[in-house]
Amino acid sequence: MGVDMSNNPPTSRTKDFFVSPALSLSLAGIFRDAGAAAASVDVEEGDEGSGGGGQREDTAEISSENSGPLRSRSEDDLDGEGEQDDDGDGDKNKKKKRKKYHRHTAEQIREMEALFKESPHPDEKQRQQLSKQLGLAPRQVKFWFQNRRTQIKAIQERHENSLLKSEMDKLRDENKAMREQINKACCPNCGTATTSRDASVTTEEQQLRIENARLKAEVEKLRAALGKYPPGATSPSCSSTGKDQDSRSSLDFFTGIFGLEKSRITEIVNQAMEELIKMATAGEPLWIRSVETGREILNYDEYVKEFSVKSSSNGGRPKRSIEASRETGVVFVDLPRLVQSFMDVSQWKEMFPCLISKAATVDVISNGEGPNGINGAVQLMFAELQMLTPMVPTREVYFVRYCKQLSAEQWAIVDVSIDKVEDNIDASLVKCRKRPSGCIIEDKSNGHCKVIWVEHVECQKNTVHTMYRTIVNSGLAFGARHWMATLQLQCERLVFFMATNVPMKDSTGVATLAGRKSILKLAQRMTWSFCHAIGASSFHTWTKVSSKTGEDIRVSSRKNLNDPGEPHGVILCAVSSVWLPVSPQVLFDFLRDEARRNEWDIISNGGPAQSIANLAKGQDRGNAVTIQAMKSKENNMWIIQDSCTNAYESMVVFAPVDITGMQSVMTGCDSSNIAILSSGFSILPDGLESRPLVITSRQEEKSTEAGSLLTIAFQILTSTSTTAKPTMESVESVNSLISCTLRSIKTSLQCEDG
């Protein structure tokens, strides 16, 4: 069984966010050049106590070309002042000491460079030791490291700017070529299209339009990946040219590129807003509550009758399947923050990590009003929606998002797909279209909001694994209940993160609020990474292998070149999904229980787990972050575990951590550079609602609960070299790890025959 995944390119229809190996080599060369430039830096001599500065790193300055001496602003302060005369001649008596400069030797630079590679932010003890070793003042060492960090940051920013500028130049050239071609095909006198235009020219134009839209989406994705400019903003590198055009939407550049005028899009989103409000507030006969499940079901005949004229969808029953759902809930977050999180694509994606694998603002069609510029804002957006398993295909959808303030206490956000717009952008997508969907948000004071969520989509039917067919086809997987439960969980997590009055019983093992926040932040990053790693997104290329016990296991490899949040090298991810005849709650409680961890965790070698810290992050006791110590004869190991549960799904995500690094995080130190590789479990209901099977007074036979869909994922670092490939041994190792873990879980829960 030969599995070579390192050379398999991603099957993405859009380019990945990851930096290519070629670009990494280019950056490495730039950093080497920066090192050479740093060798010629003149550093000011002085006593440790003088200068009055050095407390803030942003006081370091470098020239725009990285040539010439680098100094701290604090060094420009006067070292001494003379007495000022009464007659106003005091300026003559002020003496400024002449600055002394010292050029570092090659040996000194080499030693400081070596420490810089290991620790760009050396502590006081390291600086003192290095200054004694090199014969420099501690202050000189401190300034050298400040200047070196600032120098590299400036080089990175210039490189990022050049990337964005090249993308924008390419877009501008495409726009110019298309406008010229359109003008050539029109009569110069009357402006109407000429009849000599053949089909080949039309096809070529259409391809140019699609490519142009894709390139624009790539620029937005690049901005999001760099975290430098908010989606929809214009980068400084391209703001100096095309002054009028840069402030305009690309829909204004030429007529018909997206198939519709801007005014027509405005008309459609206003109609969609009216439909959303009716869908959110109407009762029977439009919505009928199921007696068996308690869920609201859309009466489609009534819907067609009600919205046949105003709906942007085609009248009558479409050939594609319809999914419609509605859910109402209360969330712990203030109204302005919640509305803003929907209109900022980065915040929106972070709010729903288990549902959104990709998201981008393709275009800002219309800017909004008000202090935040969101009332009346219209954006063209792209999203790739996922389930936490590679066995269910993702859903890719383009839609227009419109935000409107209905009253002082109420806002509405509507999403709707527009036929010609999405067709002209990418007609190759497996079609998933949003009918008017979204939410009505009402401020209930005291930091609470009432949210009515409507999810209404039509999708082309595609093949779904039999295990997931019920939950997908019933509309649960991508329905309003899932979105609402995730929103409530994330908002509750934010409240607990910001809280300063957490009871001690909910925050054991951590002495400070700073330590608590640092741990919760690390756990959240770990869970986001887990969600990103195990879905069917085109980020990954999955290869199916079979285990000895019969489960289907899918493996994928990736290379981490420059993300400090994960270990550098080749990472192998293996995922398997199974059905178990136990309820999701029972399965979740078993997997998160540290007292029973040794029943399934192969790494523990049967040893007990000892709790070091337990931090609540929600009202449900299952929502918590724990730090556990695993003791064995060979070694001691710490594990951080993030448990999450809501009305729809549950997760238990964990990762081994460096003990020294974790101890520093517990004291409140920054956790962003802690390298962590997450594994864990995702638990879903199987879609078969619980219902009584017999009428009896005996409690144990009163009802039977549906089963669970368990996805188990392990990630391992197979090599620290980014040029290595996954070996057969590493695939077999992770294969055995999943098989043994599943077998242990089934044995402990007594469902070996499930």
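All of these numbers come straight from a predicted model, not from anything done at the bench.
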Give a yes or no on whether the ring-centroid distance for Y468 and W579 is below 6.0 angstrom.
no
Nearest 0.5 angstrom please: L587 CG to L580 CG, how far?
6.0 Å
How close do P120 and R149 get, counting heavy atoms only, and between which atoms?
O-NH1, 2.5 Å
For A609 and R597, the nearest pair of non-hydrogen atoms, with its separation, is CB-CD, 4.4 Å
Mind checking salt bridge (Lys or Arg N to Asp or Glu O under 4.0 Å) for D670 and listing every partner two or more places apart, or none if nothing turns up?
none
Side chains of residues 650-662: which donor-acceptor pairs under 3.5 Å do they make with residues two or more places apart or in other chains?
unit_1, atom_1, unit_2, atom_2, d
S650, OG, T645, OG1, 2.8
D658, OD2, T660, N, 3.4
D658, OD2, G661, N, 2.8

Do any pairs count as a salt bridge (Lys or Arg N to Asp or Glu O under 4.0 Å) and have a residue in residues 561-570, sequence neighbours left out, and if so which ones?
R558-E566
Going through the distances and angles, do R493 and D642 end up as a salt bridge (Lys or Arg N to Asp or Glu O under 4.0 Å)?
CA-CA 12 Å; R493 185 172 196 154; D642 187 13; 2.8 Å; yes
Taken in chain and number order and not counting sequence neighbours, the residues that satisfy side chain to side chain donor-acceptor pair (under 3.5 Å) with T723 are S721
Main-chain N/O of V582 paired to S708 side chain as donor or acceptor, under 3.5 Å:
yes
Within a strict 4.5 Å, meaning less than it, do heavy atoms of the H540 and P390 side chains meet?
no
Who pairs with R554 by salt bridge (Lys or Arg N to Asp or Glu O under 4.0 Å), at least two apart in sequence or on another chain?
none
For R592, salt bridge (Lys or Arg N to Asp or Glu O under 4.0 Å) partners two or more places apart:
D589
Between F116 and F145, what is the ring plane arrangement, given parallel below 30°, perpendicular above 60°, and tilted in between?
tilted
Sub-3.5 Å donor-acceptor pair from the side chain of Q386 to the main-chain atoms of L355, do we have one?
no
Is it the case that the side chain of S518 and the backbone of A514 share a donor-acceptor pair, with hydrogens and angles ignored and the cut-off at 3.5 Å?
no
Please name the pair of heavy atoms, one in S671 and one in R525, separated by the smallest distance, quoted to 0.1 Å.
O-NH2, 2.8 Å
Here the gap from K165 atom NZ to M168 atom CE, rounded to the nearest 0.5 Å, amounts to 10.5 Å
Rounded distance (nearest 0.5 Å) linking atom CG of N735 with atom CZ of F714
12.0 Å
Taking 4.0 angstrom as the limit, do D123 and R127 come out as a salt bridge?
no
Would you find a donor on one side and an acceptor on the other, under 3.5 Å apart, between the side chain of K617 and the backbone of S643?
yes
Interatomic distance, CD1@I712 vs CD1@I683, rounded to 0.5 Å, equals 10.5 Å
Residue pair L385 / K358, side-chain heavy-atom distance below 4.5 Å
no
S577-T389 side chain donor-acceptor pair, cut-off 3.5 Å
yes
Indicate the atoms forming the closest heavy-atom contact of I534 with C573, along with that distance.
CG2-SG, 4.5 Å
P567 backbone acceptor or donor facing N560 side chain under 3.5 Å:
yes
Can you list the residues that meet the side-chain contact (heavy atoms from CB on, under 4.5 Å) rule with P564, with sequence neighbours excluded?
N673
Is R395 reaching over with its side chain to a backbone N or O of C432, donor-acceptor style, under 3.5 angstrom?
no
Is it the case that E124 and Q128 place a side-chain donor and acceptor less than 3.5 Å from each other?
yes
Within the 4.5 Å heavy-atom criterion, are M387 and V472 side-chain neighbours or not?
yes
Specify the closest pair of heavy atoms between L388 and S682, including all atoms of both residues, with the distance to one decimal.
CB-OG, 3.7 Å
Looking only at heavy atoms, the pair that brings H568 and L717 closest together is O-CD1, 3.7 Å
Test item: side-chain donor near acceptor, S730 and T718, under 3.5 Å
no
Between R148 and E113, is there a salt bridge with N-O shorter than 4.0 Å?
yes
Got a sec: does the CD of Q347 have more than 12 other heavy atoms crowding it under 6.0 Å?
yes
Among all residues two or more places apart in sequence or in another chain, which pass the side-chain contact (heavy atoms from CB on, under 4.5 Å) test with T626?
N614, Q628, Q641
Mind checking whether D552 and S576 have side chains closer than 4.5 Å, heavy atoms only?
no
Within this structure, what is the NZ-CZ distance for the pair K517 and F497, rounded to the nearest 0.5 Å?
5.5 Å
All pairs passing ring pair (Phe, Tyr, Trp, His ring centres under 6.0 Å) where residues 716-739 contributes a residue, at least two apart:
none
Using the salt bridge (Lys or Arg N to Asp or Glu O under 4.0 Å) criterion, which residues pair with E350? Sequence neighbours excluded.
none
Residue pair S748, E599: steps toward the side-chain hydrogen bond (donor to acceptor under 3.5 Å, both in side chains) verdict:
CA-CA 7 Å; S748 295; E599 295 182 32; 2.9 Å; yes
Please determine whether side chain to side chain contact (heavy atoms under 4.5 Å, CB included) holds for the pair L572 and V731, giving the CA-CA distance in whole Å, both sets of side-chain angles, and the decisive distance to 0.1 Å.
CA-CA 8 Å; L572 187 67; V731 174; 4.2 Å; yes
Spatial distance of atom CG (N147) from atom CD1 (I152) [nearest 0.5 Å]
11.5 Å
According to side-chain contact (heavy atoms from CB on, under 4.5 Å), who are the partners of A574, at least two apart in sequence or on a separate chain?
I553, V555, V734, I738
Side chain to side chain contact (heavy atoms under 4.5 Å, CB included) between T711 and F681: does it pass, once the steps are laid out?
CA-CA 6 Å; T711 296; F681 308 94; over 6 Å; no
Between S736 and E732, is there a donor-acceptor pair closer than 3.5 Å when you use the side chain of the first and the backbone of the second?
yes
S733 side chain to E729 backbone, donor-acceptor under 3.5 Å
no
For E107, check side-chain contact (heavy atoms from CB on, under 4.5 Å) against everything at least two apart and list the hits.
T105, R110, E111
Test item: C354 and E649 side chains (from C-beta on) under 4.5 Å apart, heavy atoms:
yes
Residue pair I519 / I627, side-chain heavy-atom distance below 4.5 Å:
yes
Among side-chain atoms of S357 and E384, is any donor-acceptor pair under 3.5 angstrom?
yes
